Amino acid sequence: MRNYPFPFLHSLAASIVLLSSFSALADTALADTALADAANEAHEANDGIFFAAKEKTFYFANKTTYTPLQNSSTLRNQIFPELNNSTEFNLRFKLRRSDNSTFQGDVSEFLSHDGRYRLFNANGKVEKTSAPSVSFSPTSPRSPLTAQINEVYWNQNVTDAFQVTAGKKRVVWGSGITVNPGDVINPPKDPNNPNNVREGAWLSQLEWTGNNFAATVIAVPEVENDAQGIPLKMLNFTKQSENTSQQHLLTAAKMYALLLETDIIGAVFLSNRYASDKNNSTKLMASASHVFSNTLETHGEILWYQLEQQNDSNTQSRFVLGLRYMKWDDVTLSGEWYHQGNGMSRNDFRHVIQLANYSSPQLENSTSPALNSLKNAQFISQNYLIAGVNLTKVGSDDFSINVSTKNSLMDGSGVFWGQLVWSVTQALELSFVGNLSYALHKNWGVDNGTAAGEHVTENDLQPWRYQTFFQLKAFL
Amino acid sequence: MSYNLNAAIKFLSRRFLKIRLFHSSLFDVAFFRVAFFLALFTFENSQQALADSEAETIVSHYDEIMGPQTFESEMEMISTREDGSTRQYIMKSLKSGDDKFRIWFLGPASVLGQEILRVGDNSWVYIPTLKRASRIANRDSFQGGDFNNADILKVNYRLDYSSQVLQKTPGKIKVELKAKTDGTAYDRIILVVGDKDFQPLEGQYFGTSGKILRSAVFSETTEFQKGHKRPKRISMKNEVSQGRNTILIFKTFKTNVMPPSQRFSLSDLGK
């Protein structure tokens, strides 16, 4: 099947149709029907300590992304689309069998079209190329139609204090805003837009909740592969080198307490296989959050862990320390310092870059696995500053602006992320987003070892210099 | 002045009380002088104490009407902006004791699943898209409307404010509340309540600068449950931004519920 050739026109047409439909309907229909129904349901359900009302949200989001590519000496023989149009149909629901039993889910179906394919040639220069073939097969990595199960789980209150949860759920324990170093269970957040990642992990959980404290035990079998969000193989893994199978299970225990007006969390993780760190090791996590003077929220989150390549005594840590200033009604300022002990030092980074530049272009992928792993990494070096401003009212209540920047302290490069949101109605939202990759000073990058003596920063590992997208999101 | 006071006390002690405690008139004067001031002081204090006690009684009645020890309610909130456009929200709330409160948003769809929890001076909002709870400030606007978080989540004033009666007019009592700590949403509140049933009628809310921030009108006193009457509608006018106001309508209000304590735990958010 060939790709849809005009993703931008598709998006524009869809947006115009939806805008005209929803802007006319949303205010009246929502006010008269949806909310009245919700109120009536809530009223009719008032026969116990609530909770009988059905809760479901359906939204449609159409997003067009334009990503002009930049020449990159570290990207060779790889194909990227410069245009993408993605339509998401999302359903969030909460079904109640009784006051004590709920079944909840957050599932999405994506229809995606790519266009303007570009290839990084052997010299790292961008050139036009034909579109790769795609397949609707559910196991195909290039299928235009994909499903994602963010969450689907059952929750049972065995007693008022004791709860059982089973299914796929995103369990976030730490207090970090843009990054949770103590989270070894879920897919990582997008530091610039934490709303982007909602996917959880398959798990079972027992929780005992008391007055201002809670104790949790959790078991997370690792999923080896899945199709359209359905796990095809989990827990039992094939060890290819020995042609044997072993079980990969992560277990964790957590204690939460509200002490001295402070959220305090301590957790211990044990697994025979982590994504990158030492196997068969214990990880410890701690987190705290406190608000001073009703305006300044401070938080910290740390994970202690052991590295696979090192001896047992080599314990390192990842932590985030952050502030959130909430003095003004319409403005929130936030800042976080993120440190990862196993991040690259400047020398490590220089070594990887020089290795990639000296290696044969055709063999680049195989000769520099470290480089390939870095291309998809959100954090490469050891220290980052992430700052953000959230303006909930810009001129009118209908407009809000979020900006954030993630800056590497190793070479001064970073990504600036800005979002303007226009809430046309309560049911219709338009977003304009821009990502700008920057380097405060090019010479702060590492020497790539070539005769030209070029400097390479962390940002040079990504294929774009800037990226924009427009999204229309409608709640039904 | 001092001489005149001495002479007056001397005269009073000799002429009317006709007693001599001490041989020296000088001691007599001193004794009566101290006694007079003590009596005056005690009288003034007792008057003040009576006034304070009355004000506290009124505020306690207000608390019992607006935020009894436990209740659950369903509310509709309609915010009107400067341009005349409105935003509408449907919520459920649950209160336990003086310091625990929880809210579930039921509509519109864009906020469905959001929850707010307050325990003591700590408040959190759970955002379903983030799958986590974040702390919020009491003074923040509640869903962008003209109530702030504390207006909704901290419905009891007795613990946070000291009070005094300012004025009594036929049918109405005006009470002034002053914040005991800086953690409150307002620095000063003037409440007008009915003189018989203590039902709130009006409110004015002031910031630390002394400037009026909001004014409220309480109306449609309704007996939601036998023996418990309260205003069904609160209209909060924004005195800083002209043209803005928010109406909170209580659809149901049920007292003496027995919520499990786990409903007020951070780990229960989102479930």
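First the proteins, then the strands, lettered A, B, ... as listed; each starts at 1. Given the structure is predicted, the values throughout are model-derived calculations rather than measurements.
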**Prompt:** Step by step, would you call B/Asp268 with A/Thr209 a side chain to side chain contact (heavy atoms under 4.5 Å, CB included)?
**Reply:** CA-CA 8 Å; B/Asp268 198 61; A/Thr209 308; 5.6 Å; no
Would you compute the distance between atom [atom1] of [X] and atom [atom2] of [Y] and round it to the nearest 0.5 angstrom?
X        : Y        : atom1 : atom2 : value
A/Asp330 : B/Ser141 : CG    : OG    : 7.5 Å
A/Ile265 : B/Leu266 : CD1   : CG    : 7.0 Å
B/Leu112 : A/Phe93  : CG    : CZ    : 13.0 Å
A/Asp398 : B/Ser85  : CG    : OG    : 5.5 Å

Side chain, backbone, both or neither: which part of [X] has an atom under 4.5 Å from a heavy atom of chain B?
X        : result
A/Asp160 : both
A/Ser289 : both
A/Tyr153 : side chain
A/Lys327 : neither
A/Thr262 : backbone
A/Glu261 : both
A/Trp328 : backbone
A/Glu429 : neither
A/Lys473 : neither

**Message:** Please check if the number of heavy atoms outside B/Lys178 that lie under 6.0 Å from its NZ is greater than 12.
**Reply:**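 No, NZ of B/Lys178 has 12 or fewer neighbouring heavy atoms, counting only those of other groups under 6.0 Å.
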**Prompt:** Would you say B/Lys237 has more than 12 foreign heavy atoms packed within less than 6.0 Å of its NZ?
**Reply:**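 For B/Lys237, atom NZ is not crowded (no more than 12 foreign heavy atoms under 6.0 Å).
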**Prompt:** Are the side chain of B/Ser110 and the backbone N or O of A/Gln426 linked by a donor-acceptor pair below 3.5 Å?
**Reply:**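 It does hold such a pair.
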**Message:** I'd like to know if the side chain of B/Arg132 and the backbone of A/Val171 have a donor-acceptor N/O pair within less than 3.5 Å.
**Reply:**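 A pair under 3.5 Å: no.
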**Message:** Between B/Lys131 and A/Asp106, does any side-chain N to carboxylate O distance fall below 4.0 Å?
**Reply:**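 Yes, this pair counts.
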**Asked** Are A/Glu207 and B/Lys271 close enough for a salt bridge, meaning some N to O gap below 4.0 Å?
**Response**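 Salt bridge present between A/Glu207 and B/Lys271.
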**Request:** Begin with the C-alpha distance, continue with both residues' side-chain angles, and end with the deciding distance and a verdict on side chain to side chain contact (heavy atoms under 4.5 Å, CB included) for A/Val291 and B/Asn122.
**Result:** CA-CA 8 Å; A/Val291 175; B/Asn122 309 282; over 6 Å; no
For the student: nearest non-hydrogen atoms of [X] and [Y], plus distance:
X        : Y        : value
A/Asp263 : B/Arg135 : OD2-NE, 2.9 Å
A/Ala161 : B/Gln262 : CB-NE2, 3.6 Å
B/Arg263 : A/Asn157 : NH2-ND2, 3.8 Å
A/Ala214 : B/Ser267 : CB-OG, 3.6 Å
A/Val172 : B/Leu130 : CG2-O, 4.5 Å

**Working for side chain to side chain contact (heavy atoms under 4.5 Å, CB included), residues B/Ser134 and A/Arg324** = CA-CA 10 Å; B/Ser134 305; A/Arg324 201 153 47 95; 3.9 Å; yes
**Request:** Measure distances from B/Ile136 to the heavy atoms of chain A and classify the residue's part below 4.5 Å as side chain, backbone, both or neither.
**Result:**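 For B/Ile136, the backbone is the part near chain A, not the side chain.
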**Derivation and outcome, salt bridge (Lys or Arg N to Asp or Glu O under 4.0 Å), residues A/Asp397 and B/Arg87** = CA-CA 10 Å; A/Asp397 287 294; B/Arg87 291 289 183 265; over 6 Å; no
